[in-house]
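Working notes for the structure below.
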Amino acid sequence: MNQFAVVTPDRADVTGKSRAQRTLVLAGLAHALHDGFTDMIYVLLPVWQAQFALGYEALAALRALYVGALAALQVPSGHLTRYLNARTALVMGTLLSAAGFTLAGLSSGLVGLCAALALAGAGGSTQHPLASAAVSRAYGKRGRGPLGTYNFAGDLGKATLPAAVSLLLTVMDWRSALWVVAGLGTLVAVLIRWLMPLVPVPPVTLEVVTAANHEAAGKGGFGLLLAIGVLDSAARMAFLLFLPFLLKTKGASLTTVGLALSLVFIGGAFGKAACGWLGARLGVLATVVTTEVGTAAAILTVLALPLAPSLALLPLLGVMLNGTSSVLYGTVPELVTAKRIERAFALFYTGTLGSSALAPVLYGRLGDAAGPIWAAIAAALTALAVVPLMLVLSPRLVPSANAQNS
């Protein structure tokens, strides 16, 4: 008789929580893998420079093939969910990236390498929009914190995979190292297919209700959110471009510069995890204004301080510099209808990735004309420019986005 008592609402809640947690773990694994793929190219550039006798401009173009394909195909990748479940599309994209790196290892010349990198970037374009949307759908209104964890996983991939490739290059050639990386990508694709639950698609009735809610509370907000994301990304990439040169003017050695960048990235990783949860508790407005004003203040303080205290400040600067992105990503589902989440994430990542590619060029010109200090000040002012846009956006957010659990 008691066998029927097992099937209860509490049991259903536990099952749903387990599925959501599995989705988060596998989406985070995909994020770590693909972000690691992107940053490991930095490690391979010197090897390719020696292999193919390339200049710096050609090396930049080589990396741009991968990043350009990744950024340009975000929106088309989001459209794949019209025909495939997001899990299936994510598996296919990961396998395509693995195939691209396999072909890169097989390439006999520069043209083949370029084509293979573009193919790998195309596969990577599925990860951001589809994995983000999978986490958002799995957790629903509680998704802001898990999305912060998902973003934190990407930073773990950036920290581990390039270092692993560096170690591989000490015991094997770069082609063999890419085959090992491709094998890792294949393994992750298998794990996603085997362990990740299917991503639910909301019924039509949910779409109608959600659309009505957003007409009242979030109409027009996504464009503002995208503009905020573009400015936040521009400020971050501009400052990171000039940080090594600013530290060198304070007497830092190359080893110290490397340590400084590590401090920023470590702080950034924790910032992404922490600010996603803070956004859920303090509200989007309070968290974003705090991080952007904190970013500007920390940049200006680093400019004014000597080397040693500047280094001590860098982890906190990293928290502010990278933390905002988790809050912004977590806000995307609150400003679009349920069936447009994949497309919204695709558009948002296209804008922020495009900004991260273009901003160093624009601020680099300013640095050439006025010097790195004024360029860093411009980056701080860019962060502050987010504040008025955030004040305009805040009334358009659903109430829970501004004062959840308050």
Side-chain angles (χ1 to χ4, degrees), residues 19-20 22-35 37-38 65-103 115-140 143 147 150-151 153-154 157 182 185-204 206-207 210 222 226 229 329 332-333 335-354:
R19 290 172 61 86
R22 281 164 48 205
T23 297
L24 177 58
V25 169
L26 272 299
L29 181 61
H31 197 184
L33 176 78
H34 286 281
D35 275 20
F37 279 170
T38 301
L65 285 171
Y66 181 91
V67 178
L70 188 152
L73 295 176
Q74 296 281 307
V75 174
S77 293
H79 288 164
L80 287 175
T81 54
R82 296 178 181 178
Y83 315 102
L84 300 170
N85 187 268
R87 184 189 70 180
T88 302
L90 183 58
V91 169
M92 292 175 62
T94 303
L95 288 174
L96 186 61
S97 284
F101 287 118
T102 299
L103 292 175
L117 287 177
L119 184 67
S125 68
T126 61
Q127 186 275 133
H128 282 123
L130 301 184
S132 298
V135 174
S136 177
R137 293 194 188 283
Y139 282 88
L147 281 170
Y150 159 79
N151 279 310
T186 302
L187 174 61
V188 170
V190 171
L191 290 175
I192 293 172
R193 177 61 183 83
W194 182 30
L195 298 175
M196 184 173 176
L198 288 171
V199 179
V201 178
V204 174
L206 177 59
E207 172 71 9
T210 307
F222 179 74
L226 178 58
Y329 298 146
V332 169
L335 294 173
V336 296
T337 57
K339 285 190 176 294
R340 294 177 64 85
I341 288 178
E342 286 84 2
R343 175 175 171 80
F345 273 118
L347 288 171
F348 192 84
Y349 279 110
T350 298
T352 55
L353 287 169

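When reading the values below, keep in mind they use all heavy atoms of this one structure, side chains included, and skip hydrogens, waters and symmetry mates. Note that the numbering runs from 1 along the sequence shown for the chain.
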Quiz prompt | F345 and V336: CA distance, side-chain angles, deciding distance, side-chain contact (heavy atoms from CB on, under 4.5 Å) verdict | solution = CA-CA 10 Å; F345 273 118; V336 296; over 6 Å; no
Practice problem: May I have the step-by-step check of side-chain contact (heavy atoms from CB on, under 4.5 Å) for L353 and V67, ending in yes or no? | Solution: CA-CA 8 Å; L353 287 169; V67 178; 5.5 Å; no
Quiz item: Minimum heavy-atom separation for A131 to L90, with atom names?
Solution: CB-CD2, 4.4 Å
Quiz item: Are any side-chain N or O atoms of S97 and backbone N or O atoms of T94, one a donor and one an acceptor, separated by less than 3.5 Å?
Solution: no
Quiz item: Of all heavy-atom pairs between A32 and A153, which one has the smallest distance, and what is that distance?
Solution: CB-O, 3.3 Å
Quiz item: Where is the tightest heavy-atom contact between A20 and A138, given as atom of each residue plus distance?
Solution: CB-O, 3.8 Å
Self-check item: Non-neighbouring partners of Q74 that pass side chain to side chain donor-acceptor pair (under 3.5 Å), sequence neighbours left out
Solution: none
Exercise. Please collect all ring-ring contact (aromatic ring centres under 6.0 Å, His included) contacts where either partner lies in residues 118-138, sequence neighbours excluded, each pair once.
Key: H31-H128, H128-Y349
Please tabulate, one pair per line, all N/O donor-acceptor pairs under 3.5 Å involving side-chain atoms of residues 185-196, not counting sequence neighbours.
| residue | atom | partner | partner atom | Å |
| --- | --- | --- | --- | --- |
| T186 | OG1 | A182 | O | 3.0 |

Quiz item: When rounded to the nearest 0.5 angstrom, what is the spacing between CG in L117 and CG in L70?
Solution: 12.0 Å
Self-check item: Atom of A27, atom of Q127 and distance for their closest heavy-atom approach
Solution: O-OE1, 4.5 Å
Practice problem: Give, for atom CG of L29 and atom CG of L24, the distance between the pair rounded to the nearest 0.5 Å. | Solution: 11.0 Å
Practice problem: Sequence neighbours left out, what passes side chain to side chain contact (heavy atoms under 4.5 Å, CB included) with A118? Give chain and number order. | Solution: none
Practice problem: Identify the heavy atoms of H34 and G123 that sit nearest to each other, and give their distance. | Solution: CE1-O, 4.3 Å
Quiz item: Under a 4.5 Å cut-off applied to non-hydrogen side-chain atoms, are L84 and M92 in contact?
Solution: yes
Quiz item: So, the side chain of S132 versus the backbone of P129: is there a donor-acceptor pair under 3.5 Å, distance only?
Solution: no
Quiz item: Looking at residues at least two apart in the chain, or sitting in another chain, which of them share a side chain to side chain donor-acceptor pair (under 3.5 Å) with T352?
Solution: none
Exercise. Output the distance between atom CG (L96) and atom OG1 (T102), rounded to the nearest 0.5 Å.
Key: 10.5 Å
Quiz item: Between T23 and V199, is any pair of side-chain heavy atoms under 4.5 Å apart?
Solution: no
Quiz item: Could you state the interatomic distance from CG (L33) to OG1 (T38), rounded to the nearest 0.5 Å?
Solution: 9.5 Å
Exercise. Write down the atom of G229, the atom of F348, and the distance for their closest heavy-atom approach.
Key: CA-CZ, 4.0 Å
Quiz prompt | side chain to side chain contact (heavy atoms under 4.5 Å, CB included) partners for P76, two or more places apart | solution = L73
